[in-house]
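Given the structure is predicted, the values throughout are model-derived calculations rather than measurements.
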Amino acid sequence: MKSENNLLIQIDEIINELENDLEVKSVTYNRLIKHFDLMKKSESILKMVTGRSSPEVKRMSKTLGEFWMVDFLLEKERWQKERKKMSSHTKEDTDNTNRSLIIRRDQYILNVFKRVKKTRFKSFTSTTSQIQDAEYILSISNKHSLLQASGIIITNYIASLLTGLLEKELIKFKNDDLIHLKDILISRTTNPKLKVFLRKSHRRFETVHDVRNRSAHIDRAKLTKREVEQAIEFAKLLRTYK
């Protein structure tokens, strides 16, 4: 059970990194190196989860081989010299092509990991709650990527609790932004106890909203363990109104 949980944690961590990588805006040398490191890490984890000769690994290796990059991964100094020779138009076309390929690679591998998680860990994941998952990840290490993974799990769970409460009362909502969901519930819910709880929890909502945003963006200020713990505590309170 513990080894299976550890594999799930690694899958959640790589899914989080891939989702962050999808937000690439500028294609620099360091960005390309980081991207290829992520590809190697993804393939390594997939081999560990499914086996080195699994259909998933074979398909991913073949697909990655079909994707190519316009820029060769040279030494940084040489890479910069090559770019200086390009016209601004050629440079823009090259960067757009590379960015497109990065996104295609990330999206493909992201779908592979989500499918593997859903099929190979179905019996295990059905026996644990999102709160238990977030608590377990948080207990392993203060490593930032694990704090992010735990933060994403618990704040998405809070969003699902809020949307569930809205759907239960047939209340329409525009998106799953936590503050947006809270404000609609306060104004429309027919449950007086829930309304009082939501009003008194304004600061808690600000905290979990901030945790959710920072968990999803690698370039934002790093989370602390206490902030994620507060989000978990809030989820437990909100769950009682489910």
Do [X] and [Y] make a side-chain contact, defined as non-hydrogen atoms from C-beta onward lying under 4.5 Å apart?
{"X": "Gln10", "Y": "Ile14", "value": "no"}
{"X": "Ile131", "Y": "Arg239", "value": "yes"}
{"X": "Arg104", "Y": "Leu101", "value": "yes"}
{"X": "Ile154", "Y": "Leu138", "value": "no"}
{"X": "Lys114", "Y": "Ile15", "value": "yes"}
{"X": "Asp106", "Y": "Met39", "value": "yes"}
{"X": "Lys182", "Y": "His209", "value": "no"}
{"X": "Leu165", "Y": "Leu238", "value": "yes"}

Notebook entry, point to check: Under the salt bridge (Lys or Arg N to Asp or Glu O under 4.0 Å) criterion, do Arg105 and Asp21 qualify, and how do the steps go?
Noted result: CA-CA 10 Å; Arg105 258 191 297 264; Asp21 205 46; over 6 Å; no

Next item on the list: Might you work through the side-chain hydrogen bond (donor to acceptor under 3.5 Å, both in side chains) test for Ser87 and Thr90, ending with a clear yes or no?
Entry: CA-CA 5 Å; Ser87 66; Thr90 303; 2.9 Å; yes

Do the side chain of [X] and the main chain of [Y] share a donor and acceptor less than 3.5 angstrom apart?
{"X": "Ser44", "Y": "Lys40", "value": "no"}
{"X": "Ser160", "Y": "Tyr157", "value": "yes"}
{"X": "Ser100", "Y": "Asn96", "value": "no"}
{"X": "His180", "Y": "Lys174", "value": "yes"}
{"X": "Ser187", "Y": "Ile184", "value": "yes"}
{"X": "Ser139", "Y": "Tyr136", "value": "yes"}
{"X": "Thr189", "Y": "Ile186", "value": "no"}
{"X": "Ser54", "Y": "Val57", "value": "yes"}
{"X": "Thr240", "Y": "Lys236", "value": "no"}

Give a yes or no on whether a salt bridge exists between [X] and [Y], defined as a side-chain N under 4.0 angstrom from a carboxylate O.
{"X": "Glu82", "Y": "Lys91", "answer": "no"}
{"X": "Asp177", "Y": "Arg212", "answer": "no"}
{"X": "Arg78", "Y": "Glu75", "answer": "no"}
{"X": "Lys25", "Y": "Asp95", "answer": "no"}
{"X": "Lys143", "Y": "Glu13", "answer": "yes"}

Margin query: Checking Glu17 against Lys41 for the salt bridge (Lys or Arg N to Asp or Glu O under 4.0 Å) test, could you report, in this order, the C-alpha distance in whole Å, the side-chain angles of both residues, the deciding distance, and whether it holds?
Written below: CA-CA 10 Å; Glu17 290 186 52; Lys41 182 178 178 182; 2.5 Å; yes

Item checked: side-chain contact (heavy atoms from CB on, under 4.5 Å) involving Asp210 - partner list, sequence neighbours excluded -> Arg214, Glu227

Margin query: More than 12 heavy atoms of other residues, nucleotides or ligands under 6.0 Å from NZ of Lys168: yes or no?
Written below: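 Counting other residues, nucleotides and ligands, NZ of Lys168 stays at 12 neighbours or fewer.
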
Item checked: Over 12 non-hydrogen atoms of neighbours within 6.0 angstrom of CZ in Arg52 -> no

Checklist line | Connected via hydrophobic side-chain network under 4.5 Å: Val196 and Leu194 | finding: no

Notebook entry, point to check: Hey, quick one: are Val211 and Ile232 part of the same hydrophobic cluster, counting side-chain heavy atoms closer than 4.5 Å, chains of contacts allowed?
Noted result: yes

Minimal non-hydrogen separation, [X] against [Y], with atom names:
{"X": "Gln148", "Y": "Ser215", "result": "NE2-O, 3.1 Å"}
{"X": "Ala235", "Y": "Leu161", "result": "O-CD1, 3.9 Å"}
{"X": "Leu18", "Y": "Ser42", "result": "CD2-OG, 4.1 Å"}

Next item on the list: Enter the distance from Asn98:CG to Leu32:CG here, rounded to the nearest 0.5 Å.
Entry: 5.5 Å

Next item on the list: Any chance you could measure Thr50, atom OG1, to Glu56, atom CD, to the nearest 0.5 Å?
Entry: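 Reported value, rounded in 0.5 Å steps: 5.0 Å.
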
Next item on the list: Show your working on side-chain contact (heavy atoms from CB on, under 4.5 Å) between Tyr29 and Arg83 and close with a plain yes or no.
Entry: CA-CA 10 Å; Tyr29 177 84; Arg83 284 182 64 81; over 6 Å; no

Notebook entry, point to check: Can you say whether the rings of Phe234 and Phe197 are parallel (under 30°), tilted (30 to 60°) or perpendicular (over 60°)?
Noted result: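 Taking Phe197 first and then Phe234, their aromatic rings lie parallel (interplane angle under 30°).
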
